[in-house]
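This report concerns only the one structure given below.
Note that ligands are numbered from 1 as they come in the structure, with each ligand's atoms numbered from 1 the same way. Here the structure is a predicted model, which means the values were calculated and not measured. Throughout, residue positions are numbered sequentially from 1 according to the sequence presented.
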Amino acid sequence: MGLFKAKIAELIKEKLPPASPGLDPDEVALGDLLEAPPDPAYGDMAFPTFSLARTFRRAPAKIAADLAAEINRARPDWLEKVEALNGYVNFTLNKPLAARSVLTAIKSEGRRYGSSGAGQGRKVVIDFSSPNIAKPFAVNLLRTTVLGQALSRLYAFQGYEVVRVNHLGDWGTQNGQWIVGYRLWGDEAALAANPIKELLRLYIRFHEEAEKHPELEDQAREAFHLLEQGDPEALALWKRFRHLSIEEFKRVYARMGIEFDSYAGEAFYSDKMEPVIRLLQEKGMLVESEGATVAPLDEYNLPPCLILKSDGSTLYPTRDLAAALYRWEQYQPALVLYVVDVRQSLHFQQIFTVLKKAGMSWVDRYEHIAYGLIKFQDMIMSTRKGAIVFLEDVLDEAANRSLEIIKERNPDLPDKEKVAEQVGIGAIIFRFLIYSRLKEISFDWQTALSFDGDTGPYVQYTYARLCSILRKAGTEGVDVEKIGEDPSCLCFEKLSAPEEAALIFELERFPDVLIQCEAGRDPVALARYLLELCRVFNGYYHQHRVMGSDAMAERLFLLAGVRTVLQNGLYLLGMSAPEEM
Ligand code: ARG
């Protein structure tokens, strides 16, 4: 929780009348009740008492008046004013003290500022990206990849031990297609020279030919069946394709700063399904249905979960059941997040319900983190016909386009290519995170790459601008890093402009924003917050001179605080923070 919110909540708890039966102030999340007043003239934070009226059997106005009076009897110095109004208690902070506590906290915590530490000693497993290797690594995977990465960083920042899992789709009939394609049309030299291109060619060819010759699909099924039986030749081919695909993914992930702790995908569970199936059997949860084995879930109003096909082979859900059990046994996680598109909601509902019904209460810690689809405005999105947009091509395009923009705006910038890569990829990431995860996004280059508007480049640009201001102060003889080392050398009364108070409040609320992201399993609040922080900062900087002003040291200290928070925020979203652009 933000510094002031926590302090005010504590104070309220202390000063509320003795707990009447049924009211335990520890249980009322007082901090959550605090709101921003509609008009800053009322104060900086407001405490509504309406929800307490019943427990105290008193009118809100009376509760508020008594509480304000009680606090005012010995008002702490960090509060300038406490007033009751219309059932609210309004709190006005002592601005210099507020500035001092926020800015010195940022100074001392630095890259840790904003962390709640609440995840200490707890594990969270995050299953994200998880492509199907039998398909080209296409652009529609971007959203899970970006969301999963941001969530991973966020949870790690809050102190959790994060296990990043790439649950590869590397098992199932589709994996027989490559084997068939390779045997019919494979070109060994091409595979060695440019594996991705060759795999794509085989993929396209397979689907073209299968339209005319549906028996190819049977052959693929047969090939997969052999694979499942452990046929050495099929296995060797599959291993090779899998390896080549993972190499390709890793290259893309590296460009996005992503590393997985585990690539245990569906194949990993191919020999681990037995115990789950047996368990469901023992619990009497399985029935035959048209030759297949299913787990009916009628009492939960869900369609039955498919467990075995009529030929006895396992399915995607079977492997997810085994994976869920494995994750529990392996990690004892406090939380497991599956970042997978919303079309798989039913699948996860079924998986979780089957496990719950089988008595595994730990499955309450498992959550499907669904997200909406992306519509790419200026990209062709046809699949099997070869007009595939590779994820990597999108990253290249983003980098190229931002390089053009940078060349135009800042021709003298050193390391243009590197910055262009950081800005281009940052633009894409931000574009995906600025919407609530369930919302559909329509993606176009113009909007994503703009340096103005609500974009990643705008936030990165503001960060670079701050870095440049602080660098410049350095060249003018100010040792910026030293400022605030001894806060008593600073006069926080000088940070008295309303724009300064607003900026300090923005900085103060950063930890709360992260808690909000954690609670909603969605980085969107952070993306929006960073835009707001940039706006407030740019507005302030437009109106107030820093260098050469008589509040120079204090203002530079404030700017350094904004820089740190932007840096932390960009990092948490999975974006780079170039110092010049
Ligand atoms: N490979 C799947 C797909 O592309 C996503 C896997 C998600 N994770 C899971 N445990 N089911 O649709």
message: Counting the benzene-type ring for Trp, do Phe443 and Phe432 have ring centres under 6.0 Å apart?
response: yes

- prompt: Are the aromatic ring centres of Phe224 and Trp171 under 6.0 angstrom apart?
  reply: yes

- prompt: Is the centre of the Phe260 ring less than 6.0 Å from the centre of the Phe249 ring?
  reply: no

- request: Verify whether the ring centers belonging to Tyr461 and Tyr458 lie closer than 6.0 Å.
  value: no

query: Just wondering, more than 12 heavy atoms not from Glu109 lying within 6.0 Å of its CD?
result: yes

statement: Sorted by chain and residue number, the residues with a non-hydrogen atom under 4.0 Å of ligand 1 are Asp127, Ser130, Asn132, His167, Tyr316, Asp320, Tyr338, Val340, Gln344, Phe348

Within residues 184-196 or reaching into it, pairs that qualify as side chain to side chain donor-acceptor pair (under 3.5 Å) - sequence neighbours excluded: Tyr182-Glu188, Glu188-Arg240

